[in-house]
Amino acid sequence: MTPRPGTVLRPTARGIAVAVLALLCWVASDLTRVLPARYIAAALLLALLIGAIGIGISSIGLRARRQVIDDAVPVGSVARVQLEMLTRAPLTVIPLARGAVREHLPAALGGQGDLPLSRRMPHVLRVAHRGSHPLGPYSVIVRDVFGLFHLRRTVDDGLQLTGLPVVAELAPGSERATGITRDGPLSALSSPGVGEIGPIARPYAAGDDIRRIHWRASAGELVDQVLRNTSQT
């Protein structure tokens, strides 16, 4: 499920378990007067405090920008994308937490993927289908060193990639069969039994199947012949 744009800060399942265990150890130490239980509770609370401080510092300057360098490429090719932090965030300098950037891409661009968080994150996306493909939002995800808190900042920049048709060169035999020559536009070469080859129409020629005649092209040729005969007489 693609998250909505915005910032979410919450404790992880591990963080909730640590907080509950610290509370139980503290209560047990008060009831039983067992000092080791209180020491364990204090250590767990200290871990929660360190995790909260780390995630708080790491959230400073956590703003990224994504740019599409190649916004239109042939199908099967790759497009270059640049993702970088707008400011020198403390997380990219001091390892107070672990971070990644998750791109929620459509299937035509490879699907969801993660990039290790750093100052600059250039990467490429392979375009699998023709047409316009929105990149979708991306999320900057951060967890403290103990994995007790989870921060997610999601941005939807509305960028798109366009998959273009693959351009192929016709072989000489195909050019002759379709009436396309390198020296001119279209020729009226005949092909027995076929009045139209693919999307390229040609006038009627002797031997063509009447069911495949391209009537507009044949009518135009007939009018031209009548005009030429009239002018000669």
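What's counted below: heavy atoms across the whole structure, side chains too, no hydrogens, waters or symmetry copies.
At least one side-chain heavy atom of Pro165 sits under 4.5 Å from a side-chain heavy atom of Arg130. No side-chain heavy atom of Val75 sits under 4.5 Å from any side-chain heavy atom of Leu164.
Atom-to-atom distance recorded for Arg38:CZ and Leu45:CG is 11.5 Å, nearest 0.5 angstrom. Remark: Asp157 CG to Leu135 CG distance equals 7.0 Å, nearest 0.5 Å.
Taking all atoms of both residues into account, the shortest heavy-atom contact from Leu48 to Gly15 is CD2-O, 3.9 Å. Contact detail for Thr154 and Ser139: the closest heavy-atom pair is OG1-OG, 2.9 Å. When every heavy atom of Gly163 is checked against every heavy atom of His133, the shortest pair comes out as N-CD2, 4.3 Å.
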Query - CA sep, side-chain torsions, deciding dist, call: Ile55, His150, side-chain contact (heavy atoms from CB on, under 4.5 Å) - result: CA-CA 8 Å; Ile55 203 75; His150 177 94; over 6 Å; no
Report task. Apply side-chain contact (heavy atoms from CB on, under 4.5 Å) to the pair Val81 and Ile69, showing each step before the final yes or no. Result -> CA-CA 6 Å; Val81 179; Ile69 300 176; over 6 Å; no
Query raised in the report: How far apart are the C-alpha atoms of Leu62 and Leu151, what are their side-chain angles, what is the distance that settles it, and do they pass the side-chain contact (heavy atoms from CB on, under 4.5 Å) test?
Result: CA-CA 10 Å; Leu62 204 62; Leu151 172 67; 4.0 Å; yes
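Taking hydrophobic clusters as Ile, Leu, Val, Met, Phe, Trp and Tyr residues chained together by side-chain heavy-atom distances below 4.5 Å, Leu161 does not share a cluster with Leu115. Taking hydrophobic clusters as Ile, Leu, Val, Met, Phe, Trp and Tyr residues chained together by side-chain heavy-atom distances below 4.5 Å, Leu23 does not share a cluster with Val20. Hydrophobic clustering of Ile, Leu, Val, Met, Phe, Trp and Tyr side chains at less than 4.5 Å, counting indirect connections, unites Val93 with Ile53. A continuous path of hydrophobic side-chain contacts links Leu46 to Leu21 [ILVMFWY only; heavy atoms under 4.5 Å]. In the hydrophobic clustering of ILVMFWY residues, with side-chain heavy atoms under 4.5 Å counting as a link, Leu105 and Tyr138 come out apart.
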